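Shown next, in structure tokens, is the structure this report addresses.
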Amino acid sequence: MSETYEVTVTREGKWWMIEVPALGDDGLTQARRLGEAELMARELIAVSVGKPLADITVSVHVRLDAEGPDLAERAAKIKQDRELAAQYESASVESARALAHEMAAASVPVRDIGQLLDVSFQRASQLIKS
């Protein structure tokens, strides 16, 4: 059964300090790169509690200093915003493609389709051909 440990990662000089409060005074290690922090924390926990690495999960909270806000939360929000933007972009391309097809079927010139869609006539042509 997997147990989740809270982990706080803070920047100290050239190192990321990794703290696992559940381990008390022994719950500290470090990593050179942020990408190494989760594995380093899991390895520390596995050795400290005598469990297989596969049974250890962590919830990582990244801060520039001990009192600072959780940067991982902000990064997750940015990722969510990017995913939403990609969905909107995909939907807008599909809508533009449908409108371009409709206009081309009505014999509207490609340059006029591009003008209406605010794209180059080359892009309008691509939309029509796709």
Side-chain angles (χ1 to χ4, degrees):
M1 174 127 177
S2 180
E3 185 175 348
T4 301
Y5 290 82
E6 296 294 318
V7 174
T8 301
V9 180
T10 54
R11 189 71 178 168
E12 192 172 301
K14 293 182 178 183
W15 294 92
W16 288 100
M17 301 306 295
I18 304 160
E19 181 184 6
V20 184
L23 300 180
D25 291 339
D26 295 329
L28 191 63
T29 188
Q30 62 189 15
R32 179 69 77 180
R33 302 274 176 253
L34 185 56
E36 301 168 344
E38 181 179 343
L39 178 59
M40 296 296 289
R42 290 178 58 229
E43 288 176 345
L44 174 65
I45 296 163
V47 168
S48 298
V49 300
K51 290 186 177 180
L53 191 61
D55 290 348
I56 307 294
T57 58
V58 294
S59 176
V60 178
H61 305 279
V62 181
R63 294 180 167 81
L64 292 178
D65 58 57
E67 304 304 318
D70 187 348
L71 302 180
E73 288 177 6
R74 289 174 58 192
K77 173 70 169 102
I78 292 167
K79 181 181 177 184
Q80 183 181 35
D81 290 347
R82 285 182 182 146
E83 290 169 355
L84 187 57
Q87 290 172 3
Y88 281 130
E89 176 66 17
S90 178
S92 72
V93 168
E94 286 304 314
S95 294
R97 183 176 292 121
L99 182 55
H101 280 259
E102 185 178 332
M103 293 175 73
S107 300
V108 175
V110 175
R111 287 191 184 276
D112 291 341
I113 295 170
Q115 176 70 37
L116 184 64
L117 292 174
D118 196 27
V119 297
S120 67
F121 78 91
Q122 294 94 336
R123 179 65 181 137
S125 180
Q126 290 174 339
L127 288 169
I128 293 165
K129 292 177 182 175
S130 64

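Keep in mind that what you see is a predicted model, and the values were worked out from it rather than measured. Numbering starts at 1 and runs along the sequence shown.
Of all heavy-atom pairs spanning Tyr5 and Glu3, the tightest one is OH-OE1, 3.5 Å. Val9 approaches Ala37 most closely through the heavy-atom pair CG2-CB, 3.9 Å. Listed here is the closest heavy atom pair of Pro52 and Ala46: C-CB, 4.4 Å. Across all their heavy atoms, Ser92 and Glu89 have their closest contact at OG-O, 2.9 Å.
One finds the NZ atom of Lys129 at 14.0 Å from the CZ atom of Arg97 (value rounded to the nearest 0.5 Å). To the nearest 0.5 Å, atom CD of residue Glu73 and atom CD1 of residue Ile78 are 12.0 Å apart. Put simply, CG on Leu64 and CG on Asp70 are 10.5 Å apart, with the number rounded to the nearest 0.5 Å. Leu117 contributes atom CG, which lies 10.0 Å from atom OG of Ser95 (distance to the nearest 0.5 angstrom). Separation of atoms CE (Met40) and OG1 (Thr29) is listed at 4.0 Å; rounding is to 0.5 Å.
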Could you give me the CA-CA distance, side-chain angles and deciding distance for Glu12 and Gln30, then say whether side-chain contact (heavy atoms from CB on, under 4.5 Å) is met?
CA-CA 9 Å; Glu12 192 172 301; Gln30 62 189 15; over 6 Å; no

Pairs under 3.5 angstrom only: tabulate donor-acceptor contacts from the side chains of residues 101-116 to other protein residues two or more places apart or in another chain.
residue, atom, partner, partner atom, Å
His101, NE2, Leu127, O, 3.1
His101, NE2, Ile128, O, 3.2
His101, NE2, Ser130, O, 2.8

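Legend: salt bridge (charged side-chain N to carboxylate O under 4.0 Å, His left out) pairs involving residues 26-49, not counting sequence neighbours: none detected.
The closest donor-acceptor contact from the side chain of Arg63 to the backbone of Thr10 lies at 3.5 Å or more, if one exists at all. Put simply, the side chain of Thr4 never gets that close to the backbone of Val58: no donor and acceptor are under 3.5 Å apart. Remark: side-chain polar atoms of Ser90 are not paired, donor with acceptor, to backbone N or O of Gln87 under 3.5 angstrom.
The closest side-chain heavy-atom distance from Val20 to Leu44 is below 4.5 Å.
Electrostatic pairing of Asp81 and Lys77 counts as a salt bridge here, judged by a charged N lying under 4.0 Å from a carboxylate O.
In the hydrophobic cluster analysis, where Ile, Leu, Val, Met, Phe, Trp and Tyr join through side-chain heavy atoms closer than 4.5 angstrom, Met17 is grouped apart from Val7. Under a hydrophobic-cluster definition in which Ile, Leu, Val, Met, Phe, Trp and Tyr are linked whenever side-chain heavy atoms come within less than 4.5 Å, directly or via other members, Val49 and Val47 are assigned to different clusters.
Few gaps surround CD on Gln122; more than 12 heavy atoms of other groups in view lie less than 6.0 Å from it.
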